[in-house]
Every structure is written in C-alpha cells, then in structure tokens.
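Right, one structure below, let's go through it.
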Amino acid sequence: MLKELFVREAVKRGAELEGQELRLCGWAHRIRDLGAIRFVVLRDRSGTLQVVFKKGETPQEALSAALGLREEAVICVKGVLRRAPTREGFELLGRELEVHSSPLESLPLEVHDSTKATLPTRLRYRWLDVRNPKVSAVFKLKAWVARKFRDHFSALGFTEIFTPKIVATGTESGADVFPVIYFGKTVYLAQSPQFYKQMAVIAGLERVFEVGPVFRAEPHHTTRHLNEYHSLDIEVGFIESYNDVMDFVEGFFRRIAEESHEVKELLEEHGAEPLRVPERVPRVTMRQAYEILAEYGKKVPYGEDLDPEGERLLGNYAREKHKSDLIFVTEYPWKVRPFYTMRKEEEPQWTYGFDLLMRGLEVVTGGQREHRYERLRQNLREKGLKEDDFEYYLEFFKHGAPPHGGAGMGLERITMQLLGLQNIREARLLPRDTERLTP
RNA sequence: GCCGCGGUAGUAUAGCCUGGACCAGUAUGCGGGCCUGUCAAGCCCGUGACCCGGGUUCAAAUCCCGGCCGCGGCGCCA
C-alpha cells in the first residue's frame, strides 16, 4: 500500500487529475454525517482533502464502510476527484474504502484541537498530538533549521564531526552531568561537545560543526530548559578575534531570515513573523548592556550576569532601537564564564565571550577560547578546578593549537523563538525533564 | 536547589475563599437517533469525574496534615 500520491499534490494537480480515479491514504481527520451523505476529511502529512460518500453516487459497500468509520482511523480511499466548494476547491467522491485500523477506545486527545489540551496530556499522547498539523509544523521547522545549519556551514568549508556522548569528565564543573555506569566505571553523558570540537580544530580540521544531543542534569523548572536537547555547535580555527565567530553566527541567522519564505506556511501555522535581522546585528558589551538596562529601569549589579528579565529588556531594546530580533551581548564577566574562555588581555575580569539573544532569550553562547597551554592551566586554577581532572583536555594544547573560537546554539530554543512557542518542551518530540521519562 | 500555584468525567473547565439545597454545572468527545452539501455542521436522547491516605465536623469536592503527581518564577543555562 505504498503511497503514490499525497493529498497536497492531488489538490495542486487538481485541474489535471479532475475526473480521474485516485487512491489516497491517511487518517480520517473529521467526519460529518448527514445521513445519506457523509463527509470524511482525509488527512495525511501534506494536508487535508474532503472525501464524500453519498447515497446514489457511492457504491453500497463503501457507503456501509463509511458508516462505521471513526475519526483517526487509518484509511485508503479510491475515488474520483472533482471540483467542489470546499477549502481545497476539490473533493474526492468515494468509491472504495479500506479501513486499516480504527481506534479501540475514545481518543484521549482531539487531534484537530490537541493544542487546547494541557502540555502534560499532549506529551503523554504525543503520537496523537503531532498528528495536528500545527504541531507537526514545529518539527518540520526544526528539521529545516538543522538542515540550514548543515548546509550553511558545510558550504563555508566546515567539516561535520560526530563526537562521543559518553565522556570521562564533565565539561565545565562536573556538577550538572548525568552519571552512567560504563563497564563498572562511573562516567557521564556529555553536557556539550566543547572539548572535542576544540580538539577537532587543533587536529587540523580547522572548521568543524556538529549537530548532536547534549545532557544537562539540572533540575530546572522553567519553560526554556530541557535535560536533553540538541546543540548546533561550530568551532573555527585561525580567528582574528571573537568578532569572527559572531560573524559566522550572524551569517547563519541572516540565512534563516532570508530563506524563511521556504517555511512560510509553517510559520503561518503559528502566526509567527519571519525573523528580523538588520544589516548589522547590534553587539553591545556587558558594560554597555548595564547602561541600556538602567535606561529601561532595570538595575543589574556591575560585573554580574543578566537575569531573564534583563534579557527580555535587551530584546525589547534591540527590537525598538535596531529593528532587530537579535542582539549580541559581548565581553561577559570572567566570573560567569567557563575556564576555557579567553580573557581580555588588558582587563582580565572580562572575557571574549558572547551570547546571542533572540527575541529576548539566550539562544547562542560562544567566544574565543584560550589556546595557550599555560594560560589555560592558570584559568583552571583560578576557577578552583583540579588540573588533573582536565589532563586529557590540556594535552590537546601541547602540540600546536591555533587561536580559535566557536559557539553552541540551542536548536529547540531557536525553534521555540522562531514560532513563538510558550514552552520549549513543545519543540522536542519527547522531552526529558526531571520527572518525564515516558513515552 | 529555593519559592509559589494546582490535581474535578476521555479532554478542557465551573464549583472550593464563605462546609449543607452538588446523588457536582458547562463545553467537547463517546454511544444512539434525525437529516442528500457539510466544513467549529445542526437538532434530540444517553454516557461519564471530585489524585491517594489520615484528620476536623452532625455534614467535606470545599477546612487541616502527610504523600504522590503536575505547572510556573528564580537560580543555572542553550
């Protein structure tokens, strides 16, 4: 029963296919029963089309089969395409109906209205929730972003890498990693490909990217955190400064904006506006950000990190003053950045680390890395970390490491912000959070 | 981790503050019936619920305690 034709194509080629007998397969999306005439809206991954079973026109056998049909049954219909005053402009006059499987119990979610249910219910019955075109749009858009990422950086000479997700130590502090038993030893799920992408640059690949899962053991209770998510990572050798890294990141988001017409329908499903990326995305230092926020009536203590409200306000500032959905915040304080971040030469309390805020939410973190062995050791010590724990990492830098930098972008956060989703869990097919492990 | 809010039919909710007229209302779904052009189809009939345990009280969906679960704000971060 391999499908030869999807609903959308049938409608698109309606003028040509009119009067022909077609076979379409999918789910019974809506059923409207008027007695001697029964409408079944057929839905597949591409769209919907009304099928009509009508006494006098539909053979008795198909008519009877249509009478017992339930919503969300999986069906194939053979029928004749004809013009009709429906949304699609066409309908299929049913001639034969095959029912491949039918719901055994009343549905815990109404597919066409699944987003009206609460998120826990939707996630519990995700296979029903995602049948809703508005929900599948999220995953189609997410896939598009990931594909753009691969296309964009591949074209710029980056090599895609695939690094281990089972690691011996945490990347940053080791406090927020999941331990796993590995042949009797306690090891961890990778919280980031950070060390390995740096190694790949040092290994002479120079420019690398990775799309892969990362794991964070923080017990978050927010709408923007997941314990498992996908990170879009890049790392570039031979940079002049961290501005080069920001240029790469900016170029990627500009591409997303410029090519958003490709996903126009997916955005429209959510009433989302295409991303606005101006000629030059604003780049403000943390110290400038404090001043901007002061003007917005928000006081952030000097030398401290931004809180979510501060990020939202900076997002407003970017939108109002620069007509931009994006804003870089640069020169983060050393005290809030990881040990591998390069510090400003003349002001070591600040770093060459940046974040990118998208519509007021942090979606990218990046910066220039410290590539000098002795400085790295010094940084480790200042962070109160044990050099022994990072011995294998430090070794990367012993045999010739170019100046380099990179960034990590949260795929779900980007998806969420592009569509205006209320909860990041919506951007994950099966989210993992503190309690949720099934399905 | 800290703090706050919540748990009522398949689903989404009202009722809780101010205990009794609530054998729990509404919408939708589901089952049945009517209808030959519906498209949020309509109309009629039916179906189905107070998270678990303990306590207070003549009386608990409602008040109190514990547990489990869910949601959110902050922290941390992408």
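Residue numbering restarts at 1 for every chain, and letters A, B, ... go by the order of the sequence lines.
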> Strictly by modelled atom types, are A/Q368 and A/S241 linked by a side-chain donor-acceptor pair under 3.5 Å?
Replying inline: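 Judged by distance alone, the side chains do not pair up.
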
>> Quick one about A/N132 and A/S114 (side-chain donor to acceptor, distance below 3.5 Å, no hydrogens or angles considered), yes or no?
In response: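 Yes, A/N132 and A/S114 have a side-chain donor paired with an acceptor closer than 3.5 Å.
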
[X] [atom1] to [N] [atom2]: how many Å, rounded?
X	N	atom1	atom2	result
A/E412	B/C77	CD	P	19 Å
A/L67	B/G31	CG	P	12 Å
A/I37	B/U36	CD1	P	9 Å
A/F215	B/A78	CZ	C1'	14 Å

Tell me what [X] touches on the nucleic acid: a base, only sugar-phosphate, or nothing, going by heavy atoms under 4.0 Å.
X	value
A/L232	nothing
A/T121	sugar-phosphate
A/V214	nothing
A/L34	base
A/E72	nothing

> Can you list the stems that RNA chain B is part of, where a stem is at least 3 pairs in a row, each Watson-Crick or G-U, with both distances below 3.5 Å?
Replying inline: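 The stems that RNA chain B takes part in, listed by first number, are B:1-7 with B:68-74, B:10-13 with B:25-28, B:29-34 with B:42-47, B:51-55 with B:63-67.
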
For nucleotides 28-30 of chain B, list the nitrogen or oxygen atoms of the protein found under 3.5 Å from its nitrogen or oxygen atoms, one pair per line.
unit_1 : atom_1 : unit_2 : atom_2 : d
B/U28  : O2'    : A/E110 : OE1    : 2.6
B/U28  : O2'    : A/E110 : OE2    : 3.0
B/G29  : O4'    : A/E110 : OE2    : 3.4

Salt-bridge test for [X] and [Y]: reply yes if a basic N is under 4.0 Å from a carboxylate O, no otherwise.
X	Y	result
A/E96	A/R23	no
A/R95	A/E61	no
A/K197	A/E210	no

Atom pairs under 3.5 Å, N or O on each side, protein against nucleotides 71-74 of chain B: can you list them with distances?
unit_1 : atom_1 : unit_2 : atom_2 : d
B/C71  : OP1    : A/R436 : NH1    : 3.4
B/C71  : OP1    : A/R436 : NH2    : 2.8
B/G72  : OP1    : A/N423 : ND2    : 2.4
B/G72  : OP2    : A/R425 : NH2    : 3.1
B/G73  : OP2    : A/T223 : N      : 3.3
B/G73  : N7     : A/H221 : O      : 3.2
B/C74  : OP2    : A/R224 : NH1    : 3.3

> Which residue, A/D33 or A/T118, contacts RNA chain B at a nucleotide closer to its 5' end, judged by nearest heavy atom?
Replying inline: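 Looking at the nearest nucleotide for each, A/T118 comes out on the 5' side.
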
With 3.5 Å as the limit, what N/O pairs link the protein to nucleotides 4-7 of chain B?
none

>> Which nucleotide wins on minimum distance to the side chain of A/R82, given the candidates B/A78, B/G37, B/U36?
In response: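 Looking only at side-chain atoms, A/R82 lies closest to B/G37.
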
>> Let's see if you can work this out: which of B/A78, B/A12, B/G37 has an atom nearest to the side-chain heavy atoms of A/A117?
In response: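 Given the options B/A78, B/A12, B/G37, the side chain of A/A117 is closest to B/A12.
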
> Which of residues 39-61 of chain A sit near RNA chain B, with a heavy atom under 4.0 Å from it?
Replying inline: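 Within residues 39-61 of chain A, the residues near RNA chain B are A/F39, A/Q50, A/K54, A/K55.
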
> Between residues 262-272 of chain A and RNA chain B, which residues have a heavy-atom gap below 4.0 Å?
Replying inline: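 None - not one residue of the stretch has a heavy atom sitting under 4.0 Å from the strand.
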
